[in-house]
Number of protein chains: 4
Amino acid sequence: MNKNIQLPLRGIIPPLVTPLLDNDTLDKEGLERLIEYTLSGGVHGIFILGTTGEFAGLSYRLRRELITHTCRQVNSRVPVLVGITDSSCIESVNLANYAAECGADAVVLAPPYYFTITQTEFLEYLKRIMIQIPLPLFLYNIPSYTKIMLAPETVRLAAEIPTIVGIKDSSSDLVYLKQVQYALRDKKDFTFLVGPEEFMAEFVLTGGHGGVSGGANMFPKLFVNLYDAAVNRDFDEIVFLQKKVMQISTTIYNVGQYGSSYLKGLKCALSIMGICGDFMAEPFYRFNKVERKKIEEALNAMEI
Amino acid sequence: MNKNIQLPLRGIIPPLVTPLLDNDTLDKEGLERLIEYTLSGGVHGIFILGTTGEFAGLSYRLRRELITHTCRQVNSRVPVLVGITDSSCIESVNLANYAAECGADAVVLAPPYYFTITQTEFLEYLKRIMIQIPLPLFLYNIPSYTKIMLAPETVRLAAEIPTIVGIKDSSSDLVYLKQVQYALRDKKDFTFLVGPEEFMAEFVLTGGHGGVSGGANMFPKLFVNLYDAAVNRDFDEIVFLQKKVMQISTTIYNVGQYGSSYLKGLKCALSIMGICGDFMAEPFYRFNKVERKKIEEALNAMEI
Amino acid sequence: MNKNIQLPLRGIIPPLVTPLLDNDTLDKEGLERLIEYTLSGGVHGIFILGTTGEFAGLSYRLRRELITHTCRQVNSRVPVLVGITDSSCIESVNLANYAAECGADAVVLAPPYYFTITQTEFLEYLKRIMIQIPLPLFLYNIPSYTKIMLAPETVRLAAEIPTIVGIKDSSSDLVYLKQVQYALRDKKDFTFLVGPEEFMAEFVLTGGHGGVSGGANMFPKLFVNLYDAAVNRDFDEIVFLQKKVMQISTTIYNVGQYGSSYLKGLKCALSIMGICGDFMAEPFYRFNKVERKKIEEALNAMEI
Amino acid sequence: MNKNIQLPLRGIIPPLVTPLLDNDTLDKEGLERLIEYTLSGGVHGIFILGTTGEFAGLSYRLRRELITHTCRQVNSRVPVLVGITDSSCIESVNLANYAAECGADAVVLAPPYYFTITQTEFLEYLKRIMIQIPLPLFLYNIPSYTKIMLAPETVRLAAEIPTIVGIKDSSSDLVYLKQVQYALRDKKDFTFLVGPEEFMAEFVLTGGHGGVSGGANMFPKLFVNLYDAAVNRDFDEIVFLQKKVMQISTTIYNVGQYGSSYLKGLKCALSIMGICGDFMAEPFYRFNKVERKKIEEALNAMEI
């Protein structure tokens, strides 16, 4: 298995936004700036083509271009994880192979997301697809989008496949996470990463390995410091930094009334910060001037 | 606009299953047989790459191959509708252009289905995508898979775009359908098609134009006759034929406990009938021997 | 069994609103007017303590008072059905016994609605409670409120209990209704009533027995006429009357953005019509002046 | 305000099961034993008529009897909290008044749970009901049963009512809990209690005040010790004790396939331990012999 990734994978692995110039044109310079900016903040890995990366809205051509440039730019300084989630198994396998060729370190896979499938069907699917995947794989549980919550027993059975090395959970359900951790308590190398940044510190305090924190696109150091504080059980620091995380969550991610406010706010903020543009892939569209003004104010209030 | 399609589109338009030899190989002979079999049953159109066609699980290469062969085989005898639903707008547009080149008559589009979007976001998305679509388009409402119910007001506003010519609804919610029909009561040419075959006749009796009935893959004549009976308000015939439709619904579609039993049962039955194989695209898998035996018995009991 | 109710029960059985003077005071005169008004419109039964009757918000004292006065006022002119749905089985049985003493003809029961229960648990519950219920009982399927959809097989098994004589369905799902009807096709006396008035006519056209139509509080004759048109398969009349039903549905029931707009609009309209006040039980509250103005305009536009 | 309750309320407050002899008969001796057993384990309060107490299935007569006996037995040794959640506001107020007369210290209220209401409607309802409630009140967020998630902003606005003193959350959603805590960060006396015991320790580690832990019916000391370990940031102890909590969660609460397995398992275990019988209120029913055997084995494996 890959030498560049140590298991369990620990730390902050930002789910990169995908900088775009227009609907099907990668913003390569923006991508370079974003990678250098987050790496300079001390992040422990890079995850592209996740939900935050708007993977589902991108063409396959652009997904490949993104993989190529990211792997080249990161150049093995940290592990690169590549999302291969797709409603078509064949396209997932194609992307995984391409990621391997480009030198990526691992792939990340949520269940195929058009049909509603059962635990058994997902396990059977995993067994068949894993034979064709040339890289270590992290499961991705995100039931609000895929319409299936990976049962703790499903994760336990999946983890018997040697190349399945961890799980990223975006369910927000800590009972669930505790059950998954308990089900896999004997798998010492199995990685547990949490999506929602609001309780990344709590999760690391009690057995989690790190966070796939979207906010680390904007504030990599903040999240790396919070991760370190959790590892060191430095509660004063945790309390101090978590207030900023909650400030982000309730301001930058909270403009407008739509579920997409997180994605739009994040990309808008990166644009204001001069890191990359705020062009979004369909079906979303960038914030208007009024909304952008609010993001500006929210950024100004951040004191970071 | 296309000459081969008359609006409103009326009748039975089967959502064709996609015959496969293996995970990425089209069963061309099965496809030919299936097309000839349904056409010989009198169906009024052909719809490929719908949910019943497992579109979401197919590679793009195979989707194109399917479009090519279907258009060639049908050869303008009836309108061909092509599903272009995708989580990526670019891939939807690509498919639509390809379908137009191949001579398809219309396309069918459900909302992009990974992210959860609002009515407003869907309408904006429609306005932008419709400029790039070279064929008349039917909206496809299937909230259990796309996580959005197209509000009657959304459909009304969408119908102001001239090339949006109809809606196929698979919500099963007749209150909703009545509200959509009422909202569009002034659009005399707007087509209303219903997905679930269990109440196709009721729907046609009171203002609907037809059905995208999966069962018409197996029994095209049954559904064409039921449609005719509804048009003619022949209640004795409706009652007689609808019993067979309900028999299909509660036996062939009802083996196993999963949501996929409809798809698996349908393809298994077609295989038993010698029309095409029962290979299924990921994430599904064909019925085992015990389940196939049940489908055989269900078919034998059909008396058609 | 009761002589006053003929099975299957056919026709329009309005789910009466509960006229209130304040939060725990029955508006007896309003109730009398409402009963006389709907009876004079030709309705075939009266249903109190349903969802439209705000049963869940009423005290038990008031529920009994309502039963007493309704039975007395109706005085056996039509069957009286009494809702006994409750999260506590004991309170349901108490209400059923009280309804029997007052001379009611049947009771109506949805699953207990706090806990989430399974089909098996509901069936076991039914078997135990039915021993204690002294009147014929209609099942009430309303999954959006009770969090359980009564499976067709559950209804079939429930119907083996001789005193379970019918079902009122408010799921809006016509596939479901067709499946229930098919599952019970051998029970010739089993009553099928539909809640949503928007497709009452379709339902009666193809095997349904009638509707529990909330709009019949305001316009009893309209719904009785539509029912008759459906029985007589008079399609011109159906189309003519159904437009008015859809007009009600999209105007009077559609003021404000909340799920409660149906209940609030209905009671507001009855108040404007001088039949009873618009005081609502908690947790709801009557429409304000602006909203009331809209209801007035909607009523004026009705041409009935 | 009440002298017996110090705000914020801290510690383990078990949601007592309701010991029953039959469907409407309180097991008074079982109740006494259960109260003495949990108090001897060091719990910091007692909560009756919660979800674990099967409140929704009990008659009002029995609810009152339970309040009377609990207040008498506890006799002010710890605060007594009484659930007054009901679909009828009047019955909630009646129960609150009765609880005050009996000397209870606070009440606990979830939204009325039949109708689906909006945030605004709930806030209006709260304002009206709070005038009539003679005791401090804890909000109870349990969206899986009430069909409404109390928005952080709703909780913040509710907390402006002086007698609303805290919230018990059973959503399992830690992002949500963090948002509520952040929205109320200036209300130093506002109490945050968590329902799910699986992450009670995490919650106390980072700003939570305690847990309404169902398992404390069986193992009060375990949960009190875990609470203490969290307060003292004793991570070795937390890890050691939390394994036992997860063992309970995955064995005793996990027999059978139904959502009710928690309630049934808990009451069955208490019966095996000789504390009270396992009779359950409708719509549930006690475990059968096979299931009871599994609970016995799970208890034997607990090493407590």
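Fair warning: this is a prediction, and the values are worked out from it, not measured in the lab. In what follows, chains carry the letters A, B, and so on, assigned in the order in which the sequence lines appear, proteins first and then strands, with residues in each chain numbered from 1.
- By the 4.5 Å heavy-atom criterion applied to side chains, R128(D) and Y285(C) are counted as neighbours.
- For the options A56(C), P111(C), A110(C), heavy-atom pairs under 4.5 Å to chain D are most numerous at A56(C).
- If you tally non-hydrogen atom pairs under 4.5 Å between each of G57(D), S144(D), P112(D) and chain C, the highest count goes to G57(D).
- Neither the backbone nor the side chain of L126(C) comes within less than 4.5 Å of any heavy atom in chain D.
- Other residues, nucleotides and ligands contribute at most 12 non-hydrogen atoms within 6.0 Å of the CD atom of E29(D).
- A distance of 10.0 Å separates CG in N94(C) from CZ in R61(D), rounded to the nearest 0.5 Å.
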Fill in: side-chain contact (heavy atoms from CB on, under 4.5 Å) between T51(C) and F115(D), intermediate numbers included
CA-CA 8 Å; T51(C) 302; F115(D) 291 109; 3.6 Å; yes
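- One distance of note links CZ of R63(C) with OG of S88(D); it measures 6.5 Å at 0.5 Å rounding.
- Ranked by heavy-atom pairs shorter than 4.5 Å toward chain D, the options T120(C), I129(C), L62(C), T85(C) are led by T120(C).
- Among P283(C), A281(C), C89(C), the residue with the largest count of heavy-atom pairs under 4.5 Å with chain D is P283(C).
- Counting non-hydrogen atoms of other residues, nucleotides and ligands closer than 6.0 Å to NZ of K294(C) gives a total of 12 or fewer.
- S260(D) places a side-chain heavy atom less than 4.5 Å from the side chain of E121(C).
- Between chain D and the residues Y113(C), Y125(C), F122(C), the most heavy-atom pairs under 4.5 angstrom are made by Y113(C).
- With a 4.5 Å cut-off on side-chain heavy atoms, S59(D) and E91(C) count as touching.
- Minimum interatomic distance between T116(D) and F284(C) (heavy atoms only, all atoms of both residues): O-CZ, 4.4 Å.
- Neither the backbone nor the side chain of S92(D) comes within less than 4.5 Å of any heavy atom of chain C.
- Residues F55(C) and Y114(D) place their aromatic rings such that the two centres sit under 6.0 Å apart.
- Heavy atoms only, all atoms of each residue included: N23(C) and I90(D) are closest at O-CD1, 3.1 Å.
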